[in-house]
A.B. asks: 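Got a structure here, written out as structure tokens. Questions coming.
Order of the sequence lines sets the chain letters (A, B, ...), proteins ahead of strands, with each chain counted from 1. The structure displayed is predicted, hence computed values, not measured ones.
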Protein chains: 2
Amino acid sequence: MPPRTHLPVNTESVDDYLKAILELSGPPGERATSNALAGHLGVRAASVTGMLQKLAAQKPSYVKYEKHHGVRLTPAGKMRALEVLRHHRLLERFLHDCLGYSWDEVHDDAERLEHFISERLEDRIAAKLGDPQTDPHGHPIPERNGALPARPEVLLSKWACGVKAVISSVSDRDPSALREMERLGLKPGVAITVEAGTRNATLLVRIGERTEPLRLSQRLAAGISVIAANRRSRQHRKIDY
Amino acid sequence: MPPRTHLPVNTESVDDYLKAILELSGPPGERATSNALAGHLGVRAASVTGMLQKLAAQKPSYVKYEKHHGVRLTPAGKMRALEVLRHHRLLERFLHDCLGYSWDEVHDDAERLEHFISERLEDRIAAKLGDPQTDPHGHPIPERNGALPARPEVLLSKWACGVKAVISSVSDRDPSALREMERLGLKPGVAITVEAGTRNATLLVRIGERTEPLRLSQRLAAGISVIAANRRSRQHRKIDY
DNA sequence: CGACAAATTTAGCCATGCCTAAAAGTATAT
DNA sequence: ATATACTTTTAGGCATGGCTAAATTTGTCG
Ligand SMILES: [Mn+2]
Ligand SMILES: [Mn+2]
Ligand SMILES: [Mn+2]
Ligand SMILES: [Mn+2]
């Protein structure tokens with residue numbers, strides 16, 4: 001019996017770093033900073049530096065790292081990050097649709113389990129769900145080959161006043177914010193219009209077909225992304241919430 | 001933001017050791033040896049010694065360890081081991097019943113995922129399945145409180161010739177053996193009778209209502225446990241395969 | 001330019017959990 | 001009772017991935 005071959009498999013930590021780099025480097029080609037990664041991952045900046053050096057050094061390198069100037073993913077690193085992101089979002093959709101989780105409950109379990117999903121399980125979950133396009137928060141699920149439809153979504157706070165928009169996705173990091181959104185009917189697919197009257201980063205909005213405007217706290221508003229009303233209905237016809 | 005509180009949570013390794021000790025210490029009170037644990041876990045005996053010392057030393061101790069004389073679980077350790085075993089068997093039942101896994105495919109994924117199942121997920125899976133009593137191989141699933149029905153099952157090789165028995169469970173460690181059993185109709189709940197004619201640990205058996213006896217290789221026979229025909233039908237009426 | 005603040009990296013540690021090789025204990029068989 | 005075989009423990013390492021504290025670099029402002 002062979003002892004234990006410690007093969008160079010991706011660790012949970014490595015996967016979390018790759019996913020964080022994907023999420024923090026905005027437009028393709030941009031770099032993520034050590035500090036931003038540290039904040040996102042809940043570790044110290046010194047730990048980030050150590051990991052980035054390790055990732056940049058290994059044979060098929062996952063990242064391009066320039067000392068003092070941030071890091072970005074190589075194609076191989078991006079592929080791996082998208083694989084983990086696919087696990088995460090498929091799991092959220094699965095926990096929500098098949099196991100009765102509410103949308104504020106799915107994130108934490110998905111964050112842990114995403115690292116331990118075999119190819120077989122990934123495929124069975126996707127098949128069971130009918131190859132879903134988005135997770136419960138409206139985020140697109142990367143395809144098996146890594147394809148990820150780029151949507152022209154912007155933060156609600158950047159949207160022009162008086163122009164009708166549709167909520168495309170909401171941030172899944174704050175459960176209590178999600179519960180409040182649920183209560184207010186703020187979910188992907190719902191129409192929303194920003195009224196004049198911004199005060200201290202709070203927004204006055206009209207939701208769906210309602211007539212009375214509502215004032216959204218900055219915390220809530222900051223978690224909402226939107227796209228133009230007409231484009232969305234064309235691109236995402238298959239989605240139903 | 002606090003750095004990272006490395007709390008004394010159960011690690012994957014610790015859970016695997018506890019589960020292995022539970023499985024390898026036969027009747028209550030018996031001890032598991034370092035060598036047996038090493039073989040079961042796929043690590044070296046020296047590593048086992050190190051872990052046993054750590055487990056025996058920590059504050060609410062999980063094991064009673066006597067140098068050179070093996071180890072057994074404390075009540076706390078047994079509770080934790082049963083919790084992990086419950087995760088494992090619930091997962092096997094879930095993968096099999098809800099995601100279309102065959103019974104030879106469930107073990108490996110369950111072995112990995114068992115360590116990352118939250119209480120919430122455990123409960124949702126159990127509810128979705130209607131609180132199943134056994135996994136797909138016939139092994140009983142511990143209840144949430146740790147209760148595990150003791151069944152008087154014995155290895156088929158120990159069963160008396162000519163006395164009708166019912167298969168209670170089969171070993172889940174060898175996928176190819178499971179596929180062969182499937183082909184032969186050897187699964188929990190099926191009647192089986194051992195005929196005279198043991199040769200080199202192979203057994204001559206009659207399966208179900210069939211008339212032609214069949215010779216089982218030692219490999220297959222060693223993975224089958226049985227109970228008396230009448231007892232089982234009373235105790236396990238709810239099970240359907 | 002030069003000073004300062006913020007970001008980043010280096011240096012040195014620590015815990016976990018595995019390994020090999022060597023030492024020590026246990027059990028059995030003459 | 002002792003030699004021998006087998007099991008178990010000790011000793012010394014290594015890899016991963018955190019941490020703190022102390023440099024060092026970068027970028028901005030006067
Ligand atoms: Mn994660
Ligand atoms: Mn999400
Ligand atoms: Mn395991
Ligand atoms: Mn099983």
A.B. asks: Looking at the side chain of A/Y65, which of C/dT9, C/dC19, D/dT9 is the nearest nucleotide?
C.D. replies: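 Given the options C/dT9, C/dC19, D/dT9, the side chain of A/Y65 is closest to C/dT9.
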A.B. asks: It should be established whether B/S13 places a side-chain nitrogen or oxygen under 4.0 Å from OP1 or OP2 of nucleotide C/dC18.
C.D. replies: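 Yes, such a contact exists.
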A.B. asks: For the side chain of B/A46, starting at C-beta, report the closest nucleotide among D/dA11, C/dC18, C/dT9.
C.D. replies: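 Comparing D/dA11, C/dC18, C/dT9 against the side chain of B/A46, the answer is D/dA11.
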A.B. asks: In this structure, how many angstroms lie between the P atom of C/dC18 and the CG atom of B/L52, rounded?
C.D. replies: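 It works out to 11 Å between those atoms.
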A.B. asks: Do the side-chain N and O atoms of B/T33 and B/N35 include a donor-acceptor pair separated by under 3.5 angstrom?
C.D. replies: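 Looking only at side-chain atoms, B/N35 and B/T33 do not form any donor-acceptor pair under 3.5 Å.
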A.B. asks: Taking 4.0 angstrom as the limit, do A/K19 and A/E111 come out as a salt bridge?
C.D. replies: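 A salt bridge is present here (some side-chain N lies under 4.0 Å from a carboxylate O).
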A.B. asks: Tell me: NZ of A/K54 to P of C/dT9, nearest whole Å?
C.D. replies: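 So the NZ-P distance, A/K54 to C/dT9, works out to 16 Å.
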A.B. asks: In whole Å, what is the span from the CD atom of A/Q53 to the P atom of D/dA15?
C.D. replies: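 In whole Å, D/dA15 P and A/Q53 CD are 17 Å from each other.
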A.B. asks: Going by the ring-ring contact (aromatic ring centres under 6.0 Å, His included) test, name the single residue among B/H88, B/H139, B/H137 that passes it with B/H107.
C.D. replies: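 By the ring-ring contact (aromatic ring centres under 6.0 Å, His included) criterion, B/H107 pairs with just one of B/H88, B/H139, B/H137: B/H88.
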A.B. asks: Taking only the side-chain heavy atoms of B/N35 (C-beta and beyond), determine which of C/dT10, D/dT9, D/dT7 contains the nearest atom.
C.D. replies: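 The answer is D/dT7.
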A.B. asks: Please pick, from C/dT26, D/dC19, C/dT8, the nucleotide with the shortest atom-to-atom distance to any side-chain atom of B/H68.
C.D. replies: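 Nearest to the side-chain atoms of B/H68, counting from C-beta on, is C/dT26.
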A.B. asks: For the side chain of B/T74 and the backbone of B/Y62, is there at least one donor-acceptor N/O pair under 3.5 Å apart?
C.D. replies: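 Yes; judged by distance alone, with no hydrogens or angles, the pair exists.
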A.B. asks: Using only side-chain N and O atoms of B/R44, determine if any of them is under 4.0 Å from OP1 or OP2 of C/dC18.
C.D. replies: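 The answer is no; no side-chain N or O of B/R44 sits under 4.0 Å from OP1 or OP2.
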A.B. asks: As a test of reading the structure: which of C/dT9, D/dT26, D/dG17 is closest to the side chain of A/H69, going by heavy atoms?
C.D. replies: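 The closest nucleotide is D/dT26.
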A.B. asks: Between A/T11 and B/E66, name the one whose nearest nucleotide on DNA chain D is closer to the 5' end.
C.D. replies: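 The residue closer to the strand's 5' end, by nearest nucleotide, is B/E66.
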A.B. asks: Hey, are the side chains of B/F94 and B/V106 touching, using non-hydrogen atoms and a 4.5 Å cut-off?
C.D. replies: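 Not in contact.
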A.B. asks: Regarding B/S47, tell me which of base, sugar-phosphate or nothing describes its non-hydrogen contacts under 4.0 Å with the strands shown.
C.D. replies: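 Touches a base.
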A.B. asks: Measure CD/B/E12 against C1'/D/dT16 and give the value in whole Å, please.
C.D. replies: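 Taking atom C1' of D/dT16 as the reference, CD of B/E12 is at 14 Å.
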A.B. asks: Go through C/dT16, D/dT10, C/dC18 for me and flag the one nearest to the B/T49 side chain.
C.D. replies: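 For B/T49, the side-chain atoms sit closest to D/dT10.
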A.B. asks: Roughly how many Å is it from CD in B/Q58 to C1' in C/dG17, rounded to a whole number?
C.D. replies: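 One finds 14 Å between C1' of C/dG17 and CD of B/Q58, rounded.
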A.B. asks: Which whole-number value in Å describes the distance from A/L37 CG to D/dG17 P?
C.D. replies: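 For the pair A/L37 CG and D/dG17 P, the rounded distance is 15 Å.
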A.B. asks: Is there a side-chain polar atom (N or O) of A/S34 under 4.0 Å from OP1 or OP2 of C/dT9?
C.D. replies: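 Yes, A/S34 has a side-chain N/O under 4.0 Å of OP1/OP2 on C/dT9.
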A.B. asks: Can a side chain N or O of B/Y17 be found less than 4.0 Å away from OP1 or OP2 on C/dC18?
C.D. replies: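 Indeed, a polar side-chain atom of B/Y17 lies that close.
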A.B. asks: Taking CE from A/M51 and C1' from C/dT10, how many angstroms apart are they, rounded to a whole number?
C.D. replies: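 Result: 17 Å.
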A.B. asks: Using a cut-off of less than 4.0 Å, is there contact between a side-chain N or O of A/K67 and OP1 or OP2 of D/dT26?
C.D. replies: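 No, no such contact exists.
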